[in-house]
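Report on the structure given below.
Hydrogens, waters and symmetry mates play no part in the numbers below; they use all other heavy atoms, side chains included.
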Amino acid sequence: MRCFVKLYLKRDDVEHILECLYERLHIWEATIEYIETGYCQSADCIEECSDPQEAIANKNYYQYVISNIEKQKETQENDYEEKI
């Protein structure tokens, strides 16, 4: 059974969280690039990972979380605008 947490955060806080998640996503993308090519031009650091499936799964998970947060944020912003 999945548990959900309902958070009430300032918009700036959500933007900062998204910024950090995008950075983690970028690092996993760079890790995949390094695993596939042996070098990485897209980032200064990569994760300690040699399994491409693990790296892809982590990248996909970050994309999933980011997408969910952005959708919820957009829905709330649209609801707020309709009330004005």
Side-chain angles (χ1 to χ4, degrees):
M1 181 173 136
R2 289 188 170 176
C3 294
F4 292 89
V5 176
K6 192 172 198 175
L7 302 172
Y8 293 96
L9 301 167
K10 294 184 292 184
R11 181 177 287 128
D12 289 344
D13 293 340
V14 173
E15 292 296 331
H16 184 73
I17 290 167
L18 283 169
E19 182 181 318
C20 294
L21 290 170
Y22 271 113
E23 183 59 29
R24 299 294 303 142
L25 173 64
H26 180 65
I27 290 170
W28 279 109
E29 289 170 338
T31 302
I32 293 167
E33 179 184 3
Y34 180 79
I35 291 170
E36 291 175 347
T37 65
Y39 62 92
C40 175
Q41 294 181 347
S42 63
D44 294 330
C45 65
I46 60 171
E47 287 293 332
E48 236 181 85
C49 177
S50 59
D51 180 9
Q53 285 79 24
E54 178 187 359
I56 291 168
N58 284 321
K59 177 193 79 129
N60 290 341
Y61 183 71
Y62 277 98
Q63 286 177 324
Y64 165 78
V65 171
I66 289 166
S67 176
N68 279 339
I69 292 172
E70 287 179 335
K71 284 177 190 173
Q72 290 180 36
K73 181 177 160 273
E74 182 179 318
T75 299
Q76 290 178 24
E77 287 172 351
N78 290 339
D79 289 347
Y80 177 76
E81 288 174 7
E82 288 176 5
K83 290 178 182 178
I84 294 180

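Rounding to the nearest 0.5 Å places OG1 of T31 at 9.0 Å from CG of N58.
Residues E29 and Q63 are in side-chain contact: their nearest non-hydrogen atoms beyond the backbone lie under 4.5 Å apart. Between I17 and L9, the closest side-chain pair of non-hydrogen atoms falls below 4.5 Å. Between H26 and S42, some side-chain heavy-atom pair lies under the 4.5 Å cut-off. Within the 4.5 Å cutoff, the side chain of W28 has heavy atoms near those of the C49 side chain. Using a 4.5 Å cut-off on side-chain heavy atoms (C-beta onward), Y39 and Q41 make contact.
No salt bridge links R11 with E15; every basic N to acidic carboxylate O contact stays at or beyond 4.0 Å. Under a 4.0 Å N-O distance rule, the pair E47/R24 qualifies as a salt bridge.
Under a hydrophobic clustering in which Ile, Leu, Val, Met, Phe, Trp and Tyr are joined whenever their side-chain heavy atoms come within less than 4.5 Å, directly or via other members, V65 and V5 fall into the same cluster. In terms of hydrophobic clustering, with Ile, Leu, Val, Met, Phe, Trp and Tyr side chains grouped at heavy-atom distances under 4.5 Å, I66 and I32 are assigned to different clusters. Side-chain heavy atoms closer than 4.5 Å link hydrophobic residues (I, L, V, M, F, W, Y) into clusters, and following such links, possibly through other members, connects Y62 to L18. V14 and L25 fall within a single hydrophobic cluster, where Ile, Leu, Val, Met, Phe, Trp and Tyr side chains are chained together by heavy-atom contacts under 4.5 Å.
Between I27 and C45, the closest heavy-atom pair is CD1-SG, 3.9 Å. Taking all atoms of both residues into account, the shortest heavy-atom contact from A30 to A43 is CB-CB, 3.4 Å.
Side-chain contact, Y64 with N60: no donor N or O sits under 3.5 Å from an acceptor N or O.
For N68, the CG atom sits in a packed shell: over 12 heavy atoms of surrounding residues, nucleotides or ligands are nearer than 6.0 Å.
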